[in-house]
Student: 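Here it is, the structure in full.
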Amino acid sequence: MNRKLLAISAVLFFLVMSSCNSNKFSTYKKTKALMDTFVSITVVSDSEDKAESSIDNAFSAIEHFGDLINFFSDRSELSSININAGLKEVEVSPETLDIIEKAIYVSEKSGGAFDATVGPLIKLWNFHKKVKPSDAEIRKNLPLVNYRNIVINRDRSTVFLRKKGMLLDLGGIAKGYAADLAVEVLRKGGINSGIVAIAGDIRAFGLKPDGKPWNIGIKNPRQNNDSDEIIARIKLNDRAISTSGDYERFFLQDGKRFHHLLDPKTGYPADRCRGVSIITDKGVFADAFSTAVFVLGTGNGLKLVRETGMDAIVIDSSGIIHATDGLKGRLEIEGSH
Amino acid sequence: MQLQDKYRVAILSAYALALHGFESMLPTPIPWVRLGLANIITLVALVLYGFRTAMMVTLIRVILASIFTGTFLGPAFILSFGGGVFSTAAMGLVFISFKNLFGPVGLSLIGAFFHNIAQLTLAYFLFIQRLEAILIISPVILLIGTLTGVANGIVSDILIKNLLKKDEEKIQNVVQE
Amino acid sequence: MKEAIKNTTLADRLLLLFLIAGSIAGTFIAGKAMSQGLNVTVEIDGKPSYTFPINIDRTITVSGPYGDSVIEIKDKKVHIRETHCPNKLCVKQGWISNGAIVCLPNKIVVIVGGNGNNPPEDIDAITG
């Protein structure tokens with residue numbers, strides 16, 4: 001009988017549907033204020049306790065690392081390097097040594113477009129008081145900015161800045177590095193997928209409970225209202241993404257936008273882009289190269305991206321979005337569908 | 001109960017179960033919000049075959065669905081059970097006491113309304129116990145329930161009409177022979 | 001479909017109208033009630049220390065490792081008016097009516113609504 005058949009297939013359909021629904025893995029998310037910003041960790045786990053404890057472990061790893069490289073704390077290892085600039089070498093912990101080595105690597109690759117010794121210039125620009133330093137002040141401090149004057153001794157685990165007055169500022173690389181550390185801690189705790197987001201520096205690993213990659217929104221550099229906060233969406237798994245934008249810390253003066261992403265060569269804010277997002281496997285490189293490419297602009301910047309095998313989304317100074325071919329099928333620009 | 005009735009309850013329950021399962025697969029924009037598709041079957045059963053059949057179908061659907069998903073006697077089951085029984089009872093009461101005042105759409109609205117009222121009350125006493133939270137979400141849930149209620153009512157109306165037409169045709173065929 | 005709509009009784013239609021009007025009115029009333037229920041929570045050194053309703057103007061002084069910070073609530077908005085930490089990013093952030101202000105050197109977090117920022121539904125994280 002026809003009806004009977006329909007009824008039986010209806011019940012079967014229900015059983016099949018409900019069996020794929022009985023997924024025991026869920027996502028757990030916690031947010032904490034660390035490293036001068038918000039850190040959000042999302043993990044996929046079959047137990048809330050396990051999720052909680054591994055997230056807490058990751059938070060304390062980030063906090064510990066943040067204390068080592070805090071530019072503003074007198075007690076950090078970074079401050080100790082800066083205070084002893086031109087005087088003597090300073091012994092540091094392996095993480096501090098490692099991140100400085102990676103900073104030098106990015107500086108070399110980018111021909112100095114990223115430079116961790118930009119500290120003296122950053123100190124001149126006060127984005128809180130919205131005053132522009134004088135050209136003379138900037139010119140006076142430019143010779144202090146040069147990553148080649150960082151001396152590392154791996155055997156003794158020491159760092160030395162050659163010139164007095166030099167200042168290391170790891171703000172353009174530390175959050176990405178901390179995201180990598182956190183992912184390592186989570187993996188050791190038996191977590192196979194999740195997201196670590198330290199402000200805009202994000203590292204995704206594994207897949208969501210529904211087997212799909214993570215969805216990351218890219219902020220619109222010129223947001224007008226609540227509805228256009230996101231300019232693009234990208235699907236990520238086992239990759240990191242970081243964005244540098246001229247809209248994070250800035251002031252407007254005489255119609256010109258002065259923001260915190262300084263070109264280490266000129267001492268002035270770089271004006272070739274509005275925002276740069278870099279997608280690569282390690283958070284530390286996504287973070288530092290996003291600053292470098294921002295300073296270089298679309299031409300040399302995208303060349304660097306291709307040479308180093310990364311992917312990028314660059315929004316240039318006229319608002320045009322450039323994306324590398326590797327993002328095909330994973331990137332969705334808002335308003336284009 | 002006659003054999004004919006048992007057979008009918010079984011088939012109606014199977015349909016209701018299928019719709020229930022289909023619905024649980026649909027993505028829900030807001031947790032708690034459901035289309036209540038299975039209510040279409042309850043409504044058809046009520047109008048065509050009476051209150052007893054409708055209540056049986058509801059009970060079988062709610063209990064079997066929770067056994068299949070492994071939530072039997074759990075919190076989701078309590079909500080589903082309370083909502084289902086209460087809304088079927090409300091629809092039945094109105095249908096029997098005020099015959100012909102409400103059509104399927106009106107009955108569906110009553111069902112949706114009391115389904116939500118029952119669930120919100122249960123949620124308050126069993127899980128949330130924060131009156132502000134319940135009061136804030138109630139209007140939204142009731143509004144969405146009203147909209148899905150209208151849609152389900154229209155579908156039920158069409159179904160009932162078609163089933164009645166088929167029966168009439170059958171009778172006519174018998175007469176012609 | 002058209003026939004089904006034509007088939008509705010007067011009682012059906014009145015009931016529909018009543019339910020829609022009632023729930024929309026309820027949504028507005030509840031929405032108004034909720035916006036008044038917003039709180040400003042001040043966390044010091046990771047621990048929630050004070051909670052104030054956002055609709056009552058006041059000025060609070062809290063102390064951290066870098067000395068006192070002054071938090072001001074006015075016109076359903078909140079800002080950090082004064083602080084002695086070196087970068088003063090929190091003062092620069094200005095007035096907010098939702099979300100949060102972090103002043104990390106001084107270990108002070110001011111949260112409005114208790115939820116922090118909620119990104120759009122289907123997005124897991126935002127970069128930028």
Side-chain angles (χ1 to χ4, degrees), chain B residues 27-31 33 40 43 47 90-91 94-95 97-117 120 130-162 164-165, chain C residues 1-41 48 50-56 73 76 97-99 111-126:
Chain B
T28 46
I30 310 168
V33 172
I40 293 171
L43 194 51
V47 174
M91 288 193 295
V94 171
F95 182 66
S97 338
F98 311 101
K99 233 175 163 86
N100 296 330
L101 180 60
F102 291 105
V105 173
L107 288 173
S108 174
L109 283 172
I110 291 166
F113 179 77
F114 282 98
H115 188 270
N116 284 326
I117 292 291
L120 287 165
R130 282 191 57 198
L131 198 58
E132 324 89 84
I134 296 283
L135 287 181
I136 281 164
I137 52 168
S138 292
V140 182
I141 287 192
L142 291 177
L143 179 63
I144 295 169
T146 304
L147 300 179
T148 58
V150 171
N152 289 339
I154 290 171
V155 174
S156 306
D157 191 88
I158 294 168
L159 258 177
I160 291 165
K161 293 271 145 57
N162 283 340
L164 282 177
K165 219 190 275 169
Chain C
M1 179 84 182
K2 253 186 202 157
E3 207 182 321
I5 293 169
K6 235 184 270 166
N7 275 338
T8 52
T9 67
L10 180 66
D12 285 350
R13 293 175 193 192
L14 285 177
L15 178 65
L16 175 63
L17 217 68
F18 175 75
L19 283 176
I20 288 188
S23 49
I24 288 179
T27 311
F28 277 110
I29 296 167
K32 221 174 174 189
M34 194 164 77
S35 69
Q36 281 170 349
L38 268 183
N39 284 328
V40 178
T41 304
Y50 305 100
T51 302
F52 306 103
I54 198 166
N55 53 352
I56 298 169
I73 303 173
K76 295 188 182 171
S97 55
N98 66 53
I111 302 165
V112 181
N115 264 334
N117 276 323
N118 285 328
E121 282 272 347
D122 56 330
I123 286 184
D124 302 304
I126 293 179

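Numbers restart at 1 for each chain; the letters A, B, ... are given by sequence-line order, proteins then strands.
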Student: Which one of B/Pro104, B/Gly103, B/Gly106, B/Pro139 has the most heavy-atom pairs closer than 4.5 Å to chain C?
Tutor: B/Pro139
Student: For residues B/Met91 and B/Leu43, report the shortest heavy-atom separation together with the two atoms involved.
Tutor: SD-CD1, 3.8 Å
Student: For the interface with chain C, which of B/Val105, B/Asn100, B/Leu109 has the highest count of heavy-atom pairs at distances below 4.5 Å?
Tutor: B/Leu109
Student: Is chain C contacted by the side chain of B/Phe113, its backbone, both, or neither, given a heavy-atom distance below 4.5 Å?
Tutor: side chain
Student: Please round to the nearest 0.5 Å and tell me the distance separating atom CG of C/Leu16 and atom CG of C/Asp12.
Tutor: 8.5 Å
Student: Is it the backbone or the side chain of B/Ile160 that comes under 4.5 Å from a heavy atom of chain C, or both, or neither?
Tutor: neither
Student: Using a 4.5 Å cut-off on heavy atoms from C-beta on, say whether the side chain of B/Val94 contacts that of B/Leu107.
Tutor: yes
Student: Sort out for me which residue in B/Asn116, B/Leu143, B/Leu147, B/Ile141 forms a side chain to side chain contact (heavy atoms under 4.5 Å, CB included) with C/Ser23.
Tutor: B/Leu143
Student: With rounding to the nearest 0.5 angstrom, report the CD1 to CG distance, C/Ile20 to C/Leu15.
Tutor: 10.0 Å
Student: Within residues 149-158 of chain B, which residues come under 4.5 Å of chain C, heavy atom to heavy atom?
Tutor: B/Val150, B/Ile154, B/Asp157, B/Ile158
Student: On a heavy-atom basis, which atom in B/Leu101 and which in C/Thr9 lie closest, and how many Å separate them?
Tutor: O-OG1, 2.8 Å
